[in-house]
Trainee: 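Let me give you the structure first, and then I'll get to my questions.
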Amino acid sequence: MASLTFRTTGSNIFPSILSDFGLSGNIRDGFSLKTDVFSKKRRTTITNVATRPPPTTIPSPATQPTDDNDGKLAAWTSIRQERWEGELVVDGEIPLWLSGTYLRNGPGLWNVDDYNFRHLFDGYATVVRLHFHNGRLIAGHRQIESDAYKAAKQNKKLCYREFSEVPKQESFISYMGELAGLFSGASLTDNANTGVVKLGDGRVVCLTETIKGSIVIDPDTLDTVGKFEYTDSWGGLIHSAHPIVTESEFLTLLPDLVRPGYVVVRMEPGTNERKVIGRVDCSGGPSPGWVHSFPVTEHYIIVPEMPLRYSAGNLLKAEPTPLYKFQWCPESKAFMHVMCKASGKIVASVEVPLFVTFHFINAYEEKDEEGRLTAVIADCCEHNADPSILDKLRLENLRSFSGEDVLPDARVGRFIIPLDGSPKGDLVAALDPDQHGKGMDMCSINPAHLGKKYRYAYACGAQRPCNFPNTLTKIDFVNKTAKNWYDEGAVPSEPFFVARPGATEEDDGVVISMISDKNGEGYALLLDGSSFKEIARAKFPYGLPYGLHGCWVPKN
Ligand SMILES: CC(=O)/C=C/C=C(C)/C=C/C1=C(C)CCCC1(C)C
Ligand SMILES: CC(/C=C/C=O)=C\C=C\C=O
Ligand SMILES: [Fe+2]
């Protein structure tokens with residue numbers, strides 16, 4: 001099996017290193033974060049909250065409006081304190097059955113002192129917590145203590161390679177050292193800012209695309225417990241940011257940049273050891289396609305091969321390219337591979353129309369009237385095969401909405417992957433994209449339907465004009481319709497579905513989202529899963545930066 005380190009081939013790499021060599025100089029002294037750590041006493045009172053009368057005021061130094069966030073959209077404004085915790089006043093009714101903790105991770109701090117990061121994905125991880133109990137809501141947030149975050153704080157400068165940022169070097173020698181660190185992984189970030197998952201054994205892990213950026217946290221205190229160390233010998237530097245996590249397993253993909261392909265691995269609860277299920281070679285292109293996420297059915301793992309591929313050349317560059325570490329290779333075509341979960345064998349590898357996606361929604365097995373398996377259906381948030389969406393997520397673009405409609409169109413892309421040996425599959429829109437304003441990303445489903453036929457998905461759509469998805473949308477795949485929630489000027493994060501215990505209907509539950517509002521404000525929002533109407537909201541005493549993905553930790 002090939003090792004999973006980066007290898008550069010070709011003679012054009014070295015001149016490009018030289019031309020991209022950047023000198024330092026613009027990182028000034030002082031780190032802008034104010035640390036505000038709550039006392040033990042305060043946290044103890046929180047555990048007894050259900051017996052306390054509703055709060056009238058929420059003491060928080062974070063409430064002080066400042067020139068920094070007053071009047072601005074909170075979404076793209078860095079969080080102002082390392083942590084906060086308190087009870088929120090609830091407007092509406094939180095169902096009494098909703099008992100547990102919703103955690104949401106995302107890049108909430110986009111600067112080191114007065115050096116500002118470029119891209120949404122560069123920010124240091126901020127985990128926001130909503131703890132529901134007896135109709136009441138305790139909220140809080142905390143910065144994840146990654147090595148990258150701690151080093152930036154201590155040295156007042158960027159020390160690790162983030163998504164689009166490379167630490168500036170002062171000499172050619174230090175530049176070469178940093179570059180060597182790319183190959184060993186030493187200079188890669190461990191800033192676990194993408195998602196958060198609860199493993200079957202109860203451990204809660206924050207994740208990003210670098211393997212070293214797997215960090216265990218305490219879901220109650222949001223303490224950083226330590227690195228999630230994989231004990232197998234796979235090593236490797238990168239993996240999918242979105243493993244498939246159930247009570248019984250953790251599945252993920254390891255892209256192989258040396259021998260282009262993907263290794264599919266599985267880890268059991270209670271262990272830190274990934275075991276190989278199988279491997280699939282790429283069908284086209286010089287390198288594997290970017291795999292931010294992938295879907296599964298009951299019996300198969302679907303490996304997408306997107307024509308937006310990792311680029312060895314761009315990985316070496318100090319300054320970002322329009323596609324960052326990736327390259328758009330339409331000539332290499334696009335493919336979907338279907339791997340049997342039990343045997344690791346590839347049962348289909350089909351060419352599909354070109355596509356661009358960050359997030360797969362779900363997949364399932366299609367049968368004919370006699371119950372014979374005919375196809376795999378895989379749905380994703382598809383950006384009309386236009387990789388420019390990546391650059392639209394630059395902070396400068398997000399912070400400068402002029403009223404002009406600049407969000408590229410997106411749709412629910414439905415792959416139809418035949419299992420009869422046909423060489424080609426299809427990609428269609430699962431419903432008319434006008435139903436959700438031709439915006440589509442940040443999806444969730446009822447987890448009981450993972451890998452199975454399903455009717456509903458929740459995601460962010462668009463009310464135009466806009467520069468970012470700004471609605472919450474509930475997709476009905478049977479009626480091919482969508483219900484949309486919109487609050488003018490607000491940016492909602494991924495709508496996360498939590499099923500009512502004992503529910504028999506797929507949409508019986510609530511949808512949780514956190515809203516980064518205009519005027520530097522923010523609130524937690526609960527929608528009814530079925531009607532998609534608001535049932536409760538609770539304002540934070542400070543603005544919430546945008547966040548990415550969440551998970552649910554039920555009360556045990
Ligand atoms: C926040 C999000 O969705 C994606 C984050 C992606 C990251 C941090 C990617 C990091 C990488 C490097 C630092 C170098 C190697 C390639 C790559 C995995 C893109
Ligand atoms: C927020 C996002 C795309 C929005 C496009 O319309 C993608 C996030 C990717 C990482 O989790
Ligand atoms: Fe994601």
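Read the numbers this way: they start at 1 and go in the same order the structure lists the ligands and their atoms. Both backbone and side-chain heavy atoms feed into the values below; hydrogens, waters and symmetry mates do not.
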Trainee: I'd like to know if Glu145 pairs up with Lys150 as an ion pair, taking the criterion as any Lys NZ or Arg NE/NH1/NH2 lying under 4.0 Å from an Asp or Glu carboxylate oxygen.
Mentor: no
Trainee: Which protein N, O or S atoms lie under 2.8 Å from the Fe ion (ligand 3), given by chain and residue number?
Mentor: His242 NE2, His292 NE2, His359 NE2, His549 NE2
Trainee: Are Asp190 and Lys227 close enough for a salt bridge, meaning some N to O gap below 4.0 Å?
Mentor: yes
Trainee: Show me which atoms of ligand 1 lie under 4.0 Å from any heavy atom of His292.
Mentor: 3 (O)
Trainee: Strictly distance-based, threshold 3.5 Å: is any side-chain N or O of Ser287 a donor or acceptor partner for the main-chain N or O of Tyr310?
Mentor: yes
Trainee: State plainly whether the residues Arg414 and Glu382 are in salt-bridge range, i.e. N to O under 4.0 Å.
Mentor: no
Trainee: Should Leu548 be listed as contacting ligand 1, given a heavy-atom distance under 4.0 Å as the test?
Mentor: yes
Trainee: Is the gap between the ring centers of Phe497 and Tyr458 under 6.0 Å?
Mentor: yes
Trainee: Which of the atoms in ligand 1, numbered in the order shown and given with their element, are less than 4.0 Å from a heavy-atom of Leu188?
Mentor: 13 (C), 14 (C)
Trainee: Could you pull out the N/O contacts under 3.5 angstrom between ligand 2 and the surrounding protein atoms?
Mentor:
{"residue": "ligand 2", "atom": "11 (O)", "partner": "His292", "partner atom": "NE2", "Å": "3.1"}
{"residue": "ligand 2", "atom": "11 (O)", "partner": "His359", "partner atom": "NE2", "Å": "3.2"}
{"residue": "ligand 2", "atom": "11 (O)", "partner": "His549", "partner atom": "NE2", "Å": "2.8"}

Trainee: If you take the nearest heavy atom of each of Asn314, Thr208, Asp122, which one is closest to atom 5 (C) of ligand 1?
Mentor: Thr208
Trainee: The criterion is side-chain hydrogen bond (donor to acceptor under 3.5 Å, both in side chains); which residues satisfy it with Thr189, sequence neighbours excluded?
Mentor: Glu162
Trainee: Do the rings of Phe335 and His337 sit parallel, tilted or perpendicular, given the 30° and 60° boundaries?
Mentor: parallel
Trainee: Write down the atom of Val128, the atom of Met514, and the distance for their closest heavy-atom approach.
Mentor: CG1-SD, 3.5 Å
Trainee: Quick one: which ligand 1 atoms are inside 4.0 Å of a heavy atom on Phe163?
Mentor: 6 (C), 7 (C), 9 (C)
Trainee: Using a 4.0 Å heavy-atom cut-off, say whether Leu315 meets ligand 1 through its side chain, its backbone, both or neither.
Mentor: side chain
Trainee: Does Arg118 count as lying over the ring of Phe163, i.e. NZ or CZ under 6.0 Å from the six-ring centre, within 45 degrees of the axis?
Mentor: no
Trainee: Please report the interatomic distance CE(Met442) to CD1(Ile361), rounded to the nearest 0.5 Å.
Mentor: 12.0 Å
Trainee: Salt-bridge test for Lys325 and Glu209: reply yes if a basic N is under 4.0 Å from a carboxylate O, no otherwise.
Mentor: no
Trainee: Suppose we call two aromatic rings close when their centres sit under 6.0 Å apart. Are Trp552 and Tyr102 close by that rule?
Mentor: no
Trainee: Taking ring-ring contact (aromatic ring centres under 6.0 Å, His included) as the test, write out the residues that go with Phe415, two or more places apart.
Mentor: Phe355
Trainee: Considering the heavy atoms of Ile238, write down every atom of ligand 1 situated less than 4.0 Å from one of them.
Mentor: 18 (C)
Trainee: Closer than 4.0 Å to some heavy atom of Arg161 - which atoms of ligand 1 meet that?
Mentor: 13 (C)
